[in-house]
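The structure presented is a predicted model; accordingly, all values stated were derived computationally and were not measured. Letters go in sequence order (proteins before strands), and every chain restarts at 1.
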Protein chains: 2
Amino acid sequence: MTTSPVDVPTTDSPARARILDVAASLFLEQGYEAASLRRIADEVGIQAASIYHHFTSKEDLLEAILRRGMAVMDEAFTAAEATTTGAGESQADRRSRLAAHVRAHLAALYENGPFTAAHVTTFRTAPAVVRDAIVPVRDAYEARWTDLLNDLTAADVPTGPARLMLLGGMNASVEWFDPTRGSLDDLAEVVTRQFWSGLTGHPDPTP
Amino acid sequence: MTTSPVDVPTTDSPARARILDVAASLFLEQGYEAASLRRIADEVGIQAASIYHHFTSKEDLLEAILRRGMAVMDEAFTAAEATTTGAGESQADRRSRLAAHVRAHLAALYENGPFTAAHVTTFRTAPAVVRDAIVPVRDAYEARWTDLLNDLTAADVPTGPARLMLLGGMNASVEWFDPTRGSLDDLAEVVTRQFWSGLTGHPDPTP
DNA sequence: TTTCTTGTCTAACGAACGTTAGGTAGGGTG
DNA sequence: CACCCTACCTAACGTTCGTTAGACAAGAAA
């Protein structure tokens with residue numbers, strides 16, 4: 001067990017890990033094209049050419065970052081499931097399960113380095129080769145949310161658009177939420193409250 | 001009156017307008033850095049150097065597009081206000097006002113060329129000079145939403161995070177919503193329903 | 001001690017980039 | 001007619017890009 005909120009297997013060499021870290025935060029800040037290998041290398045303290053000892057291309061580097069971002073989200077989801085095993089069928093229990101997963105997704109976004117946030121902001125304009133490679137992983141994560149929401153709501157409630165709005169809204173928070181200034185728990189609570197009643201069509205139990 | 005849903009003053013010459021159109025859709029597709037002036041010029045059918053007859057730099061071109069995107073949103077908001085003048089204080093009336101503005105924002109996103117969508121996706125990684133120039137315009141638009149939501153809800157309801165989730169969720173829809181396949185009205189209704197009860201804390205009146 | 005591996009370096013390649021200078025065709029205006 | 005302005009062009013500039021080739025130092029393995 002490490003001290004990090006979500007356990008990501010880090011078989012990377014220190015150098016490789018450092019490149020990943022720096023690249024992810026630069027991709028997040030400036031976008032994939034604008035962040036050049038020379039700038040990344042500069043910040044790591046090596047030469048641009050040395051990056052090629054760890055990655056076969058810039059696209060390969062991006063793909064590794066996107067995968068890592070998805071891995072963080074996926075493990076956060078799994079961890080949230082673990083904390084809510086044994087939850088019952090009451091509305092309050094259902095709401096808690098949603099809250100746990102919302103909190104987990106937001107934590108993945110803000111508490112595990114720039115990987116998840118970089119994924120969210122970079123995926124859209126990533127080179128087609130990279131995007132195509134990542135799509136299945138993304139779909140799998142979305143499917144877990146689909147199952148969760150279907151499980152939480154009545155059978156006749158269409159959860160599709162609600163899921164997209166929920167994930168879209170949470171991901172969009174990277175553009176304005178500053179985890180060093182605001183509380184992640186507060187944000188998670190706001191998001192949960194906002195979506196719980198809209199999802200179920202019933203008033204939120206916690207005012 | 002033109003046939004376009006929102007009237008944007010188009011004092012542009014045809015050539016300039018065409019450059020703006022093409023550039024906006026390429027910026028939207030690939031991002032600001034990845035969309036080169038040569039590719040833009042190619043698609044317009046001119047040489048890259050000819051763009052400099054209409055814009056002083058690539059950044060200038062981006063700024064024009066971002067401004068146009070904001071103008072489209074702003075006029076959509078104004079138009080929505082016009083259609084709801086005389087709305088009363090009943091919950092149903094309030095909900096209609098929210099619905100009208102949601103619909104207007106989404107229409108701006110999808111029915112007026114790529115300008116608004118390009119703004120949403122490009123702003124974050126735009127060069128600092130451009131971003132700084134646009135920020136005041138953006139803030140003004142957000143302020144209109146703040147006023148609206150404050151007007152729609154009880155005095156003690158904090159609308160800040162809800163507004164950010166609402167706009168963030170709507171804007172994020174550009175990543176998955178295809179206006180040629182789905183109905184904009186349906187999307188607007190889903191968004192409105194999703195947020196209305198969360199905002200007011202009361203069940204949604206339309207099941 | 002020799003050998004191999006790992007991680008970095010310097011140097012350079014060709015391609016693409018934003019941008020500038022200067023020229024040209026054509027329509028409107030004196 | 002001469003003039004000029006608009007909208008484009010060709011050609012080129014210096015810079016930066018991703019990427020490759022090849023050398024070198026340090027440590028582990030033999």
Side-chain angles (χ1 to χ4, degrees), chain A residues 10-66 118 122-123 125-134, chain B residues 10-66 118 122-123 125-134:
Chain A
T10 162
T11 54
D12 296 332
S13 78
R16 184 186 152 103
R18 179 134 173 70
I19 294 171
L20 280 170
D21 265 336
V22 169
S25 73
L26 281 184
F27 286 166
L28 170 61
E29 244 175 66
Q30 320 178 337
Y32 172 69
E33 297 279 346
S36 73
L37 291 181
R38 282 175 176 84
R39 252 197 295 270
I40 294 168
D42 241 45
E43 197 149 318
V44 173
I46 58 175
Q47 295 296 315
S50 303
I51 295 179
Y52 284 83
H53 184 73
H54 303 276
F55 303 92
T56 71
S57 66
K58 192 184 181 188
E59 291 182 349
D60 181 40
L61 172 56
L62 174 61
E63 186 177 325
I65 288 170
L66 296 187
T122 308
F123 177 81
T125 55
V129 198
V130 178
R131 240 181 17 237
D132 291 348
I134 296 294
Chain B
T10 162
T11 55
D12 295 333
S13 75
R16 185 186 151 102
R18 178 132 175 73
I19 293 171
L20 280 170
D21 266 337
V22 169
S25 74
L26 281 184
F27 286 166
L28 171 61
E29 242 174 69
Q30 320 179 335
Y32 172 69
E33 297 279 346
S36 73
L37 291 181
R38 282 175 175 82
R39 250 198 296 270
I40 294 168
D42 240 45
E43 196 150 318
V44 174
I46 60 175
Q47 294 297 314
S50 304
I51 293 179
Y52 285 84
H53 185 73
H54 303 277
F55 303 92
T56 72
S57 67
K58 192 186 181 186
E59 291 181 350
D60 181 41
L61 172 57
L62 174 61
E63 186 178 324
I65 288 169
L66 296 186
T122 308
F123 177 81
T125 53
V129 199
V130 178
R131 238 180 18 236
D132 291 348
I134 297 294

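- Residue A:Ser36 has a polar side-chain atom (N or O) positioned under 4.0 Å from OP1 or OP2 of D:dC17.
- Regarding A:Arg39, its CZ atom lies at a distance of 16 Å from the P atom of D:dT15, rounded to whole Å.
- Note: CD (B:Glu33) to C1' (D:dG18) measures 15 Å, nearest angstrom.
- Inter-residue side-chain proximity for A:Tyr52 and A:Gln47 is flagged as unmet; no heavy-atom pair is nearer than 4.5 Å.
- Note that CD of B:Glu29 is 11.5 Å distant from OG1 of B:Thr122, once rounded to the nearest 0.5 Å.
- At least one side-chain heavy atom of A:Leu62 sits less than 4.5 Å from a side-chain heavy atom of A:Phe27.
- At whole-Å resolution of the value, CG in A:Leu37 and P in D:dT19 are 6 Å apart.
- We find that CD1 of B:Ile40 is positioned 8 Å from P of C:dG18, with the value rounded to whole Å.
- Per the geometry, CZ belonging to B:Arg18 stands 16 Å off P belonging to D:dA7, to the nearest Å.
- Atom CD of B:Glu33 and atom NZ of B:Lys58 lie 5.5 Å apart (nearest 0.5 Å).
- For the pair B:Arg38 and B:Ile19, nearest-nucleotide mapping onto DNA chain D gives the more 5' position to B:Ile19.
- When the P atom of D:dG18 is taken as reference, atom CG of A:Asp60 falls 14 Å away, rounded to whole Å.
- Here D:dT19 presents its P atom at 12 Å from CG of A:Leu62, a figure rounded to the nearest Å.
- For the side-chain contact (heavy atoms from CB on, under 4.5 Å) test with A:Ile40, the passing option among A:Val22, A:Leu20, A:Ile46 is A:Val22; the others fail.
- Shown for residues 44-58 of chain B: residues whose heavy atoms fall under 4.0 angstrom of DNA chain C, namely B:Ala49, B:Tyr52, B:Ser57, B:Lys58.
- With B:Arg131 contributing its side chain and B:Ala126 its backbone, the two residues share a donor-acceptor pair below 3.5 Å.
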